[in-house]
Amino acid sequence: QQQVKQSPQSLIVQKGGISIINCAYENTAFDYFPWYQQFPGKGPALLIAIRPDVSEKKEGRFTISFNKSAKQFSLHIMDSQPGDSATYFCAASRTYSNTGKLIFGQGTTLQVKP
Amino acid sequence: GAVVSQHPSWVICKSGTSVKIECRSLDFQATTMFWYRQFPKQSLMLMATSNEGSKATYEQGVEKDKFLINHASLTLSTLTVTSAHPEDSSFYICSARDRVFYNEQFFGPGTRLTVL
């Protein structure tokens, strides 16, 4: 019930295309859903995050879509660029838990071809 | 933005020695710091959670006597890998939870540990 399942494991997109990564969760107590971007040899960096009270959040080329009833959320990268090539992790946590632990998905390696 | 630093960025040590990794929140106070381990092409695995001034809480399967965590202040946590062995070689990443933006975790750049 603590798991967050992420798909696909890897993704190849042409420059200018849309990259879509999906995540699903089980625990309905989760109320914070961030996406992280990680380049090789670096720590993850927060890209964008959403709470269940909204169905969509957009920041620049990055959009999170959230479906509370289906317990799913996804990251859309519009106009994908070679510089977006990285590993993306979705995560989930509970705001009022003692620890604020993030439960991570398995990660998606994105390659954007020029 | 919130910045978390780690030191060293990489370390090579001999089997049996101990290695200390520092994690600092540079421009904010962290109520909680987290330590993760990441193997190549895998997700982040949470090792332990530490709150300033109290003992760390370790995840199941993580040896607390091997991975010593000290959270001495609101801006500094250390991870000491004691009696390191080649199987401890990994990428270690810390994160810090902002006292104000409660949910957000800011990650350090990671430390690559290689044990020979």
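Order of the sequence lines fixes the chain letters, A, B, ..., with proteins taken first and strands second; residue numbering starts at 1 for each chain.
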Participant: In this structure, would A:I48 and A:F30 fall into the same cluster of hydrophobic residues linked by side-chain contacts under 4.5 Å?
Facilitator: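 Yes, one cluster joins them.
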
Participant: Hey, could you give me the CD/CG distance between B:Q105 and A:L46, rounded to the nearest 0.5 Å?
Facilitator: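 Output value for this atom pair is 10.0 Å.
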
Participant: In this structure, would A:I50 and A:F62 fall into the same cluster of hydrophobic residues linked by side-chain contacts under 4.5 Å?
Facilitator: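 Cluster IDs for A:I50 and A:F62 match.
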
Participant: Which atoms of A:P34 come close to chain B, meaning under 4.5 Å heavy atom to heavy atom: side chain ones, backbone ones, both, or neither?
Facilitator: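 Nothing of A:P34, per the 4.5 Å heavy-atom cut-off to chain B.
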
Participant: Side chains of B:E104 and A:Y32, heavy atoms from C-beta outward: is any pair under 4.5 Å?
Facilitator: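 They are in side-chain contact.
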
Participant: In terms of hydrophobic clustering (I, L, V, M, F, W, Y; side-chain heavy atoms under 4.5 Å; direct or indirect links), are B:M45 and B:F34 co-clustered?
Facilitator: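 No, B:M45 does not connect to B:F34 through the hydrophobic network.
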
Participant: Answer yes or no: are there more than 12 heavy-atom neighbours, outside B:H7 itself, under 6.0 Å from its atom NE2?
Facilitator: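 No, not enclosed.
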
Participant: Can you say whether A:S93 sits under 4.5 Å from chain B via the side chain, the backbone, both, or neither, judging by heavy atoms?
Facilitator: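 Just its side chain gets close to chain B.
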
Participant: How many angstroms lie between atom CG of A:L102 and atom CZ of B:F107, to the nearest 0.5 angstrom?
Facilitator: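 Rounded to the nearest 0.5 Å, the CG-CZ separation comes to 5.5 Å.
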
Participant: Could you tell me the separation between the NZ atom of A:K101 and the OG1 atom of B:T57, rounded to the nearest 0.5 Å?
Facilitator: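 If we round to the nearest 0.5 Å, A:K101:NZ and B:T57:OG1 are 9.0 Å apart.
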
Participant: Less than 4.5 Å to any heavy atom of chain B: does that hold for the side chain of A:Q38, its backbone, both, or neither?
Facilitator: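 Answer is side chain: those atoms of A:Q38 sit under 4.5 Å from chain B.
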
Participant: Select, from A:G41, A:P40, A:A49, A:A91, the one with the greatest count of heavy-atom pairs under 4.5 Å involving chain B.
Facilitator: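 Top count of heavy-atom pairs under 4.5 Å with chain B: A:G41.
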
Participant: Starting from A:F104, can I reach A:V4 by hopping between I/L/V/M/F/W/Y residues whose side chains sit under 4.5 Å apart?
Facilitator: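 Result: no, two separate clusters.
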
Participant: Considering residues, nucleotides and ligands other than A:K15, do more than 12 of their heavy atoms fall under 6.0 Å from its NZ?
Facilitator: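 No.
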
Participant: Of the listed residues (B:I93, B:L46, B:L44, B:T49), which shares the most heavy-atom pairs with chain A below a 4.5 Å separation?
Facilitator: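 Top option by heavy-atom pairs under 4.5 Å: B:L44.
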
Participant: Would you say B:V11 ends up clustered with B:L79 if hydrophobic residues are merged whenever their side chains have heavy atoms under 4.5 Å apart, either directly or through other cluster members?
Facilitator: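 Linked within one cluster.
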
Participant: Quick check: are there more than 12 heavy atoms from other residues, nucleotides or ligands sitting under 6.0 Å from CD of A:E59?
Facilitator: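 More than 12 within 6.0 Å, yes.
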
Participant: Does any heavy atom of chain A fall under 4.5 Å from the side chain of B:Q38, the backbone, both, or neither of them?
Facilitator: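 Contact with chain A: side chain only.
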
Participant: For A:G105 versus B:S43, what's the shortest heavy-atom pair and its separation?
Facilitator: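 What the structure gives for the nearest pair is O-OG, 2.7 Å.
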
Participant: If every non-hydrogen atom of B:F91 is compared with every non-hydrogen atom of A:K42, which pair is closest and at what distance?
Facilitator: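 For B:F91 versus A:K42, the nearest heavy atoms are CE2-O, 3.6 Å.
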
